[in-house]
Number of protein chains: 2
Amino acid sequence: MGVMSEETTREKIIDAARQRFSHYGYPKTTIADLAEDCAMSPGNIYRFFKGKIDIAVEIARREALTAVEVVERVLDCPVRSTRQRLEEVVFADLRYTFHLLENQPKTLELAQIVVSDRPQFQIESLRRERRVFQRILHEGHASGEFMVSNVPAATIALHGATTKYRYAQLFTNQTLPELERELAHVMTLIVRGLMPTVEGRPVPETEIPADDKHAYIDASVGVKSAP
Amino acid sequence: MGVMSEETTREKIIDAARQRFSHYGYPKTTIADLAEDCAMSPGNIYRFFKGKIDIAVEIARREALTAVEVVERVLDCPVRSTRQRLEEVVFADLRYTFHLLENQPKTLELAQIVVSDRPQFQIESLRRERRVFQRILHEGHASGEFMVSNVPAATIALHGATTKYRYAQLFTNQTLPELERELAHVMTLIVRGLMPTVEGRPVPETEIPADDKHAYIDASVGVKSAP
DNA sequence: TTAGTGAATAATCAATAAATTATTCACTAA
DNA sequence: TTAGTGAATAATTTATTGATTATTCACTAA
């Protein structure tokens, strides 16, 4: 076997860990398992990661980045209005995180382990989520479609008001369609709070956007779509 | 010792359990402990409760009713506007549940045990919470202060959007002042979504209402205020 | 009949020992 | 020097066993 650059070895470890963690879970995966998968000794793992938990942190970090990417991909789609953009992002968030917990239950376990050991991790993930909202509100403000005097405050509000609809299974055991209906009501309220009324008529209700499934089904299995 | 009516005995058990649960926690309290506190045999407890968990359920049910009562007491205060009423209720909810988890940490444990054994319990508690919102929205609709075409839908939306601010410590480790500021932003958004704009000017921001502490501090210690 | 007992049993918990696993480090090969 | 080893040790986890506890029920007293 030829010499292997540090980067590739590190990736091999992460790959092995991803498979083991998602299949057997973090606690049941041993460093010896990973070493064997990578055809190396346990000691060598520690040249690439300070400890077992750090492998989990790296995987969770990438998972969180992927989630934001999935949602940001929605941002790149051309839409009629900023309102529609906002709605699509919020629904994508609900659906992506819902399917994630449903299809990859070990992901939740991993996230909980990481957060309980590294509280900072959660804070950073939340911050990343919020940046997406901030971007949309900024766009709506610039175009005049939204009437927001204070974008950072509105971002916090939007993020807080939609908390229940990210990783919803943590809070409730409602079904996805139930949550979608509920989120539509929430968005109606929020959008009315953001947009000026036209001729005294209230802004129309939010409708549940179509579900473009392939995007996050692919992502949740870790398959990258072609560039 | 004289004969004792069923009701009084049952209350004695509940009282003993409340004390033990809040002091030592549910798992460390034994039926024998409760029996001793009530000067009876363990077997007799089972004439009043089907099992240990049912004592916890009864206590949690009353706790939940008290929480709603605390919030409903806010409803009875005369205020200038329905908007103010809504804001006071939502903030009272945040503050009451926050202090509850902070001062009586065993309450959380108890609630989690009860919910994990009786999922229906949570559903009913949520329904009760929502009824309070429904009443307010109905009032606002009747008076014309709120522009809600669909009160049940708006109720669901309001409840969902404020989820993070009930028992907030379950979701975040932000401080109460931080949560209050955040909730004010959320309420600004929601209230703007509910109220018609006047002369094109947006509805002014929500301000954090004063904290009338005695109400829920009393309640959380189980002291009833004089009628 | 009603209110209650307390020993018997089944279920759960806690403590300890045994085994496994994470992590370190002195070492080797290229 | 860089990439890697694997045995030694420290930390955790798992099994096992001996309490402890929940629950039942045949029974008693008023």
Side-chain angles (χ1 to χ4, degrees), chain A residues 1-60 106 109-110 112-118, chain B residues 1-60 106 109-110 112-118:
Chain A
M1 205 183 297
V3 173
M4 197 164 259
S5 83
E6 287 235 346
E7 251 322 300
T8 319
T9 311
R10 198 163 189 276
E11 290 306 311
K12 248 180 44 175
I13 296 169
I14 290 173
D15 255 30
R18 245 214 292 265
Q19 302 230 29
R20 291 263 181 188
F21 290 169
S22 75
H23 209 60
Y24 306 105
Y26 176 84
K28 286 219 184 300
T29 299
T30 71
I31 294 289
D33 289 335
L34 299 181
E36 192 174 13
D37 291 353
C38 300
M40 59 174 65
S41 66
N44 199 34
I45 302 266
Y46 289 85
R47 292 192 57 248
F48 300 92
F49 294 95
K50 201 162 170 321
K52 184 183 175 187
I53 188 70
D54 298 273
I55 306 177
V57 169
E58 178 62 20
I59 290 174
K106 300 287 183 193
E109 182 202 57
L110 199 75
Q112 285 172 336
I113 289 168
V114 167
V115 167
S116 86
D117 217 77
R118 305 280 168 88
Chain B
M1 205 183 298
V3 173
M4 198 164 257
S5 83
E6 287 235 348
E7 252 320 303
T8 320
T9 310
R10 198 165 189 275
E11 289 307 311
K12 249 178 49 174
I13 296 169
I14 290 172
D15 255 29
R18 242 214 294 265
Q19 301 230 26
R20 291 263 182 189
F21 290 170
S22 74
H23 209 60
Y24 306 105
Y26 176 84
K28 286 220 185 300
T29 299
T30 72
I31 293 289
D33 288 336
L34 299 181
E36 192 175 14
D37 291 352
C38 300
M40 60 173 66
S41 66
N44 199 36
I45 303 264
Y46 288 85
R47 293 191 54 247
F48 301 92
F49 293 95
K50 201 160 170 319
K52 184 182 175 186
I53 187 73
D54 298 273
I55 306 177
V57 169
E58 178 61 20
I59 291 174
K106 300 288 182 191
E109 181 203 57
L110 199 75
Q112 285 172 335
I113 289 168
V114 167
V115 167
S116 86
D117 217 78
R118 305 280 166 88

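Residue numbers start from 1 in every chain, and the chains themselves are labelled A, B, ... in the order their sequence lines are given, proteins ahead of strands.
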Just how far, in rounded Å, is [atom2] of [N] from [atom1] of [X]?
{"X": "Asn44(A)", "N": "dT2(D)", "atom1": "CG", "atom2": "C1'", "result": "11 Å"}
{"X": "Ile113(A)", "N": "dA22(C)", "atom1": "CD1", "atom2": "C1'", "result": "15 Å"}
{"X": "Lys12(A)", "N": "dG4(D)", "atom1": "NZ", "atom2": "C1'", "result": "12 Å"}
{"X": "Asp117(B)", "N": "dA22(D)", "atom1": "CG", "atom2": "C1'", "result": "14 Å"}
{"X": "Tyr46(A)", "N": "dA22(C)", "atom1": "OH", "atom2": "P", "result": "6 Å"}
{"X": "Ile31(B)", "N": "dT24(D)", "atom1": "CD1", "atom2": "P", "result": "11 Å"}
{"X": "Tyr26(A)", "N": "dT13(D)", "atom1": "OH", "atom2": "P", "result": "10 Å"}
{"X": "Arg47(A)", "N": "dA3(D)", "atom1": "CZ", "atom2": "C1'", "result": "5 Å"}

Residue matched to dA14(C) through Watson-Crick or wobble contacts both under 3.5 angstrom: dT17(D)

Does the structure show a Watson-Crick or G-U wobble partner for dA26(D), both distances under 3.5 Å? Name it, or say none. dT5(C)

Both Lys28(A) and Ser41(B) contact DNA chain C. Which one's nearest nucleotide lies toward the 5' end? Ser41(B)

Assign each of Lys50(A) and Gly43(B) to its nearest nucleotide of DNA chain C by heavy atoms, then name whichever residue's nucleotide is nearer the 5' end. Gly43(B)

Work out which heavy atom in [X] is nearest to a heavy atom in [Y]; give both atom names and the distance.
{"X": "Ala17(B)", "Y": "Ile59(B)", "answer": "CB-CD1, 3.7 Å"}
{"X": "Arg10(A)", "Y": "Phe48(A)", "answer": "NE-O, 3.6 Å"}
{"X": "Ala60(B)", "Y": "Leu110(B)", "answer": "N-CD2, 4.5 Å"}

5'-most contact on DNA chain D (nearest-nucleotide basis), Ile45(A) vs Pro42(B), goes to Ile45(A)

Please pick, from dT5(C), dT21(D), dA3(D), the nucleotide with the shortest atom-to-atom distance to any side-chain atom of Met40(B). dT5(C)

Give the nucleotide from the list dA22(C), dT23(D), dG4(D) with an atom nearest to the side chain of Lys52(A). dA22(C)

N-O pairing of Arg18(B) and Asp15(B) below 4.0 Å: yes

Stacked cation flag Lys52(A) on Tyr26(A), 6.0 angstrom / 45 deg: yes

